Amino acid sequence: MNRGPGGNSPQGNRGPGGNTQGNNRGPGGNQMGNRAGGNTQGNNRGPGGNQNGNRAGGNQMGNHNGGNQMGNRGGGNQMGNRGGGNQMGNRGGGNRPGGGMANRRQPVGSRQVALKNGGNATFRKNGQVRSIQAHNMTVNRGMHGERRVMANRNGRMVVSNGRIGRNGRMVGGGYSQRAYYRNGNRVYVQRTYVYGGTTYAYAYRSYYYGGNPYYYYAPPYYYGPAYYGWAYNPWPAPVYYNWGWGGQPWYGYYGPYYQPYPAYPYASLWLTDFLISASLRAAYEESAAAAAENGEVLPPQFGQESSDVIASLGSSDPLIAASLATAYGGRSYAFAGAAAAPAKAGGGTQMSNDVKQAIADQIKKEIDAEKAAASNKGQAAKDEGPPPALDPNTRYFVVSTSLDVTTSNGDECSLTQGDVIYRTEDEPDEDKMVDAVVKASKKDECAVGATVGVETNDLQEMHNNLRQQMDLGLKELASKQGKDGIPAAPDTKTTTGEVPAPTPDSNVADDLQQTQKDAEQVETEASQQQN
C-alpha cells in the first residue's frame, strides 16, 4: 500500500498523516517547531543559544520565565499552571464553562516526576509513562503502547511514531523536517516521510499566527480552472463506483463504523470516501503490524458482523437523497435521513451521514480554495489571519494519526485515524489548545459527544492531511475520468505548484529507528525513577 504522492492507488494513500509533536498532550507539550522568531526545525533565532524553541534565558522546551520547566508560566508552578499554585494546568478556580475541570492536558490522577539527569516525566495513575521531556527530546506514550518521539538530530526535527519490535525492526514511521526553500519572506520546509517501506516528501509553508508557528501544505502541482470546476459542481448523473474493498481486512474490521456512499452525484462525496478509507486503512495496518510484532492477531473490532452490511445512508441534501432513493429506494434499508444511534461511552457507532456530509462540504471549500491559489501559484494565500486550524469556517477535522486526549471530565481517551471531531473554540489558550467535540469514533475510543482538548498544531496537521488526500484523490479521478463510471473531465493537465517539489532525503529511516532506540533508554531511566 503506497502512502505517498505520485501514482499511488486509492485507499492506500496516507499522506503525511502524522501530526507534529506527539499523541499525548502531556505537560508543557511544547512543539519543537518553536513558537516565535521565525524558527524553523528547532533552530532558535533568539538570544542565548536556546534549544527546542526556548524564548529567552536558557529555558528549556519552551518555558517562558525564570527557568521554569515544562511550559510553566511563572511563579514556580508546575505543569502549565496559570496561578494560585494549581497543579496540572488548572487556570485558576479549577473550572471551565460547563463545569468541567480546567486541565486540557493531563488526566485526573497523573503525576509529574523530576528526573535526576534533568527533565521531567509524567505518569498516568496506573504508573504508565505518559510523557517525558529530557535529553533534548519529547517522548509521548499512548494508552495502548504506541510511542511518538520528537527530537532534534543533525539540525533537523525528527518525529518518529511507533516502536522497535522484537527483531529490532521499527513498527511505524515518521518524518524528518528541514528548511529547503525561500520565496521572499516565506520560508518553506520539506518533510521526508517513511511509512511501510515507502519514502516520499511534501512541502509546507511556514506560517505564523499569534506568535506561534504553523505549517501549511504547499501543493506540488495545480490543475486548470475547468478541472476544479468539474470536481466542484454536480456531475451529469450519479456515479455508482466499485471501490473493490470487499475482501480487504481493514474494510471488514471497520465495516459497521463506516460504509461508503452507494452513489456519487458530486466528486466531493467520492473524495470524502477516498479520505476516510485511506485513514481507516492506515489505522488498521498500524494496529495489525503492532499486534504481529507481539505474535498476536488483531482481534475483531466490532464482532463478526458481515463487512458488506449496508447502513442507512440518508442525507439532507436533496440531490444526494434523490440519487440514493433511485438506487435503493425499494429496499428495506430505505433512506429516510435517519441518524446513527447515539453511542454508549466508548462503544463506537456508525459514522453518521451528517458528519460525512460536513466533511464533503469542507472538501468542496478546499477545492474552491485550491482553484483560487492555482491562478497565482499560491500567492493568494494570506499570511495573516487564523490558519485553517482556527478558521471559523473550518470546523470538522478527520483525525490523521493516533491522539490521546483529556476530556472535560478529566478522563483520558484515544482517537485514531478516521475519527471525526468538531472544533468548538476559535481562540486557543496559552498552551495552544482548544476544545472539540467528538462526532465519530470507534469502539473503546473517546465517546461520541465527549468534549476533549486538542492542540491547534494537531488540527493543522489534520487539515494538511485532508488537503493532501484531496490532491491524491483528484489525481486518481483524473486518471479514471471517462472510465469505471467516472464522467469525462475537461483538461486534466497540471502546472507546477507553489514551490518546486522537494526530493526525499536519505537515511531518514535510520534516523527514525535511532530516535526510537534513544527514547527507549530515556523511558527506561524515567520508569526506574518514578518512585
Side-chain angles (χ1 to χ4, degrees), residues 2-10 13-16 177-193 198-207 214-235 266-268 270-272 274-275 278 362-383 387-388 391 394 460 463-484 486-505:
N2 296 328
R3 293 174 174 83
N8 297 321
S9 61
N13 300 318
R14 179 179 295 177
Q177 176 175 301
R178 66 175 176 85
Y180 92 109
Y181 190 82
R182 179 183 289 273
N183 183 2
N185 292 327
R186 287 182 175 176
V187 175
Y188 293 83
V189 301
Q190 75 168 56
R191 292 180 185 171
T192 298
Y193 290 88
T198 300
T199 301
Y200 55 95
Y202 279 119
Y204 298 83
R205 185 194 323 136
S206 297
Y207 181 93
Y214 296 90
Y215 297 100
Y216 193 95
Y217 166 65
Y221 51 81
Y222 290 114
Y223 293 96
Y227 183 69
Y228 286 119
W230 175 84
Y232 183 91
N233 296 313
W235 282 339
Y266 308 107
S268 60
W270 189 97
L271 291 167
T272 298
F274 185 94
L275 164 68
Q362 181 62 42
I363 288 176
K364 286 191 70 175
K365 293 178 184 177
E366 300 303 332
I367 291 172
D368 198 40
E370 188 162 304
K371 177 183 176 181
S375 64
N376 53 7
K377 302 294 185 182
Q379 296 304 311
K382 296 195 301 182
D383 283 340
D391 187 337
T394 303
Q460 184 63 34
H463 182 269
N464 284 335
N465 187 61
L466 181 146
R467 287 293 299 263
Q468 289 147 6
Q469 291 297 330
M470 182 188 82
D471 278 356
L472 291 169
L474 289 172
K475 182 176 182 178
E476 188 74 15
L477 283 174
S479 70
K480 291 180 177 295
Q481 59 90 21
K483 301 179 291 186
D484 299 334
I486 303 296
D491 187 6
T492 59
K493 289 186 297 186
T494 61
T495 59
T496 56
E498 185 174 339
V499 291
T503 301
D505 292 327

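Here the structure is a predicted model, which is why all the values come from computation and not from measurement.
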Measure the acute angle between the ring planes of Tyr204 and Tyr217, then classify it against the limits of 30° and 60° as parallel, tilted or perpendicular.
perpendicular
Closest approach of Pro220 and Ala501, non-hydrogen atoms and distance?
CB-CB, 4.4 Å
Nearest non-hydrogen partners of Pro504 and Thr199, listed with the distance
CB-CG2, 3.8 Å
Side-chain heavy atoms of Arg205 within contact of Asn183, under 4.5 Å
no
List the atom of Tyr221, the atom of Asp471, and the distance in Å for their closest heavy-atom pair.
OH-O, 3.9 Å
Test item: Leu477 and Thr492 side chains (from C-beta on) under 4.5 Å apart, heavy atoms
no
Could you report the tightest heavy-atom contact between Pro502 and Gln190, atom names first, then the distance?
CB-OE1, 3.1 Å
Taking the six-membered ring of Tyr266 (Phe, Tyr or Trp), confirm whether the NZ or CZ of Lys364 is under 6.0 Å from its centre and within 45° of its axis.
yes
Taking the side chain as every heavy atom from C-beta outward, state whether Gln468 and Tyr202 have any pair of such atoms under 4.5 Å apart.
yes
Once you round to the nearest 0.5 Å, how far does OG of Ser479 lie from CG of Asp484?
9.0 Å
Is the closest side-chain heavy-atom distance between Lys493 and Thr495 below 4.5 Å?
no
side-chain hydrogen bond (donor to acceptor under 3.5 Å, both in side chains) with Tyr227: which residues, sequence neighbours excluded?
none
Under 4.5 Å between any side-chain heavy atoms of Trp270 and Glu476, yes or no?
yes
Minimum heavy-atom separation for Glu498 to Ala218, with atom names?
OE1-CB, 4.1 Å
List in chain and number order the residues that pass side-chain hydrogen bond (donor to acceptor under 3.5 Å, both in side chains) with Tyr214, two or more places apart in sequence or in another chain; answer none if no residue qualifies.
Thr456
Using the six-membered ring wherever Trp is involved, compare the ring planes of Trp230 and Trp235 and label them parallel, tilted or perpendicular (cut-offs 30° and 60°).
tilted
Nearest-0.5 Å distance that lies between atom CG in Leu275 and atom CG in Leu466
5.0 Å
Looking only at atom types and distance, does a side-chain atom of Asn464 sit under 3.5 Å from a main-chain N or O of Tyr215, one as donor and one as acceptor?
yes
Sorted by chain and residue number, the salt bridge (Lys or Arg N to Asp or Glu O under 4.0 Å) partners of Asp391 (sequence neighbours excluded) come out as none
If you measure from CD on Gln469 to CD on Glu366, what distance do you get to the nearest 0.5 Å?
13.5 Å
Expected output: side-chain Gln460 to main-chain Tyr216 donor-acceptor under 3.5 Å
no
Spatial distance of atom CZ (Arg178) from atom OH (Tyr188) [nearest 0.5 Å]
16.0 Å
Which heavy atom of Ala201 sits nearest to which heavy atom of Thr503, and what is that distance?
CB-C, 4.3 Å
With rounding to the nearest 0.5 Å, note down the distance linking CZ in Arg467 to CD in Glu370.
4.5 Å
Say whether, by atom type as modelled, one donor and one acceptor occur between the side chain of Ser206 and the main chain of Val187 under 3.5 angstrom.
yes
Nearest-0.5 Å distance, NZ of residue Lys475 to CE of residue Met470
14.5 Å
Describe, in one word, how the ring planes of Tyr223 and Tyr228 are oriented to each other, choosing from parallel (under 30°), tilted (30 to 60°) and perpendicular (over 60°).
perpendicular
